[in-house]
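To find a chain, count down the sequence lines: A is the first, B the second, and so on, and within it residues start at 1.
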Protein chains: 2
Amino acid sequence: MAIKKQRAVRRTDALSKERIVEAAIEILDSGGEGALTFRALAAHLATGSGAIYWHVANKDDLLAAATNDVIARVMADPAGGARPREAIRALALGLFDAIDVHPWVGTQLSRAPWLAAIPQIFEGFGSRLEELGVPEEAQFDATSTLVIHVLGVAGQNAANARLHAHRTDRTVFLGEIAQQWAQLDPARYPFVHRVAAQLPEHDDREQFLAGIDLILGGIGAAHPGPSSRT
Amino acid sequence: MAIKKQRAVRRTDALSKERIVEAAIEILDSGGEGALTFRALAAHLATGSGAIYWHVANKDDLLAAATNDVIARVMADPAGGARPREAIRALALGLFDAIDVHPWVGTQLSRAPWLAAIPQIFEGFGSRLEELGVPEEAQFDATSTLVIHVLGVAGQNAANARLHAHRTDRTVFLGEIAQQWAQLDPARYPFVHRVAAQLPEHDDREQFLAGIDLILGGIGAAHPGPSSRT
DNA sequence: ACCTGAACACCGTTCAAGT
DNA sequence: ACCTGAACACCGTTCAAGT
């Protein structure tokens with residue numbers, strides 16, 4: 001009897017915010033940011049486009065919920081008893097990988113600083129810096145720099161993914177940009193010329209981590225704590 | 001006669017890509033990103049919306065041209081014979097201020113890494129790092145970290161500006177976010193709680209510069225060159 | 001060569017009408 | 001309470017027609 005009652009209350013095919021968000025994530029992942037329309041979503045859910053508005057305020061609300069979902073999953077990862085420095089690197093890489101799989105998350109994060117995902121990321125980095133012995137006055141700036149680095153790379157990766165969509169290959173795409181850079185006046189752009197050759201083969205993930213390490217190095221240099229002693 | 005000929009060739013009211021881009025910048029600055037439509041632009045230029053397509057490929061092309069214009073103006077600034085470290089800080093602040101005045105530039109930069117503005121920014125930072133004595137193998141990662149910081153902050157500022165549009169005050173807006181942060185569970189978000197109080201009054205520009213200094217500090221710690229000796 | 005403006009395809013969002 | 005789907009307002013872009 002209890003089962004019957006539950007079934008009546010919660011039909012298998014009933015619409016809910018969770019189901020809508022889940023479907024939105026599927027569409028975003030498979031078709032990219034441009035593929036998510038209320039019409040496509042309604043078709044995917046076999047309902048009318050207006051029905052979605054009963055569960056979701058508007059498209060921004062939907063994208064926010066989808067983004068928070070993905071980030072919450074990353075933050076729920078243990079990253080266990082690792083030492084703070086390693087925990088920061090692990091968290092950063094976890095975020096990078098999630099955004100790599102869901103490039104649209106990068107767009108959202110760099111467009112909406114009021115998302116619930118943002119304080120989660122702040123907490124993740126900030127509390128580890130506290131453990132590292134960074135003095136309290138310096139924690140806000142240092143944490144913000146780490147967060148900005150993650151969001152900055154997220155935005156660039158999302159932009160790259162938007163072009164990928166219709167391309168064969170990432171290396172081909174970067175090769176085209178490298179070619180444009182190589183065509184600039186070498187007298188005015190000597191550095192860009194030198195770097196253009198490295199562009200197609202460089203590893204985004206490694207460069208992202210190098211940035212994190214540079215920032216951590218700067219924090220350590222400014223505030224030499226017990227754990228950063230060599 | 002020469003004058004008459006010139007007048008005939010180049011009527012004062014003739015359409016041109018420059019005039020279109022100029023008008024687009026005016027609309028973006030005064031009305032925000034949402035205000036730039038081909039209809040509004042056509043009305044502003046007293047022409048038909050289709051006429052704009054004779055000079056501009058599409059909206060992305062137009063936004064790219066407007067963004068490149070603004071950035072080129074910043075990069076043209078002397079930043080003269082300053083020592084490399086100061087030149088980097090000056091360049092970073094110049095970019096920050098330009099994006100502060102034209103928040104839509106922030107959106108564009110963090111959405112389109114293939115813009116002509118990007119290699120310009122790379123060159124600006126990269127060549128100074130070379131002067132600073134950063135070894136060649138480390139220049140790409142270090143420059144990219146500085147560029148990402150600028151683009152990351154640019155994206156966040158643009159996002160803030162999008163909300164500002166309908167708000168009285170920046171402090172009020174940040175105050176609302178701070179309040180949301182303060183309502184999170186203090187046991188799970190101890191760091192965010194501590195930092196929430198600093199959010200409304202903190203200076204974005206100073207925090208941006210603190211990030212640049214942190215990165216420069218990390219570069220100096222990793223590659224102690226002649227100029228970073230204390 | 002350059003401009004005009006109606007037309008097209010496609011959005012997000014609303015809402016009267018249903019169950 | 002929840003769903004349907006036509007309708008509305010508004011886009012970017014195209015294109016036949018003009019000069």
Using Watson-Crick or G-U wobble geometry with both distances below 3.5 Å, tell me the partner of C:dT13, or none.
D:dA7
Heavy atoms only: give me the nearest A:L115-A:P119 pair and the separation to one decimal.
O-CD, 3.2 Å
Rounded to whole Å, the CG-P distance (B:L41 to D:dG12) equals 10 Å
Taking CZ from A:R19 and P from D:dC2, how many angstroms apart are they, rounded to a whole number?
14 Å
Between CD1 of A:I20 and C1' of D:dC2 the distance, given in whole Å, is 11 Å
Which residue, B:S16 or B:R39, contacts DNA chain C at a nucleotide closer to its 5' end, judged by nearest heavy atom?
B:S16
Between P of D:dC10 and CG of B:L36, the distance in whole Å
17 Å
Paired with C:dA1 by Watson-Crick or G-U wobble geometry, both distances under 3.5 Å: which nucleotide is it?
D:dT19
Consider only side-chain N and O atoms of A:N160 and B:W114, and report whether a donor and an acceptor are under 3.5 Å apart.
no
Would you name the heavy atoms of A:V74 and A:A98 that are closest together and state the gap between them?
CG2-CB, 3.4 Å
What is the minimum heavy-atom distance between A:G126 and A:T143, and which atoms define it?
CA-OG1, 3.4 Å
What's the closest nucleotide to the B:L15 side chain, out of D:dT14, C:dC3, D:dG12?
C:dC3
Strand-adjacent residues in residues 50-65 of chain A, judged by heavy atoms under 4.0 Å from DNA chain D
A:G50, A:A51, A:W54, A:H55
Parallel, tilted or perpendicular: rings of B:F122 and B:F140 (30°, 60°)
tilted
The test is salt bridge (charged side-chain N to carboxylate O under 4.0 Å, His left out); show your working for A:R111 and A:D60 and say whether it passes.
CA-CA 11 Å; A:R111 282 177 55 93; A:D60 280 344; 5.5 Å; no
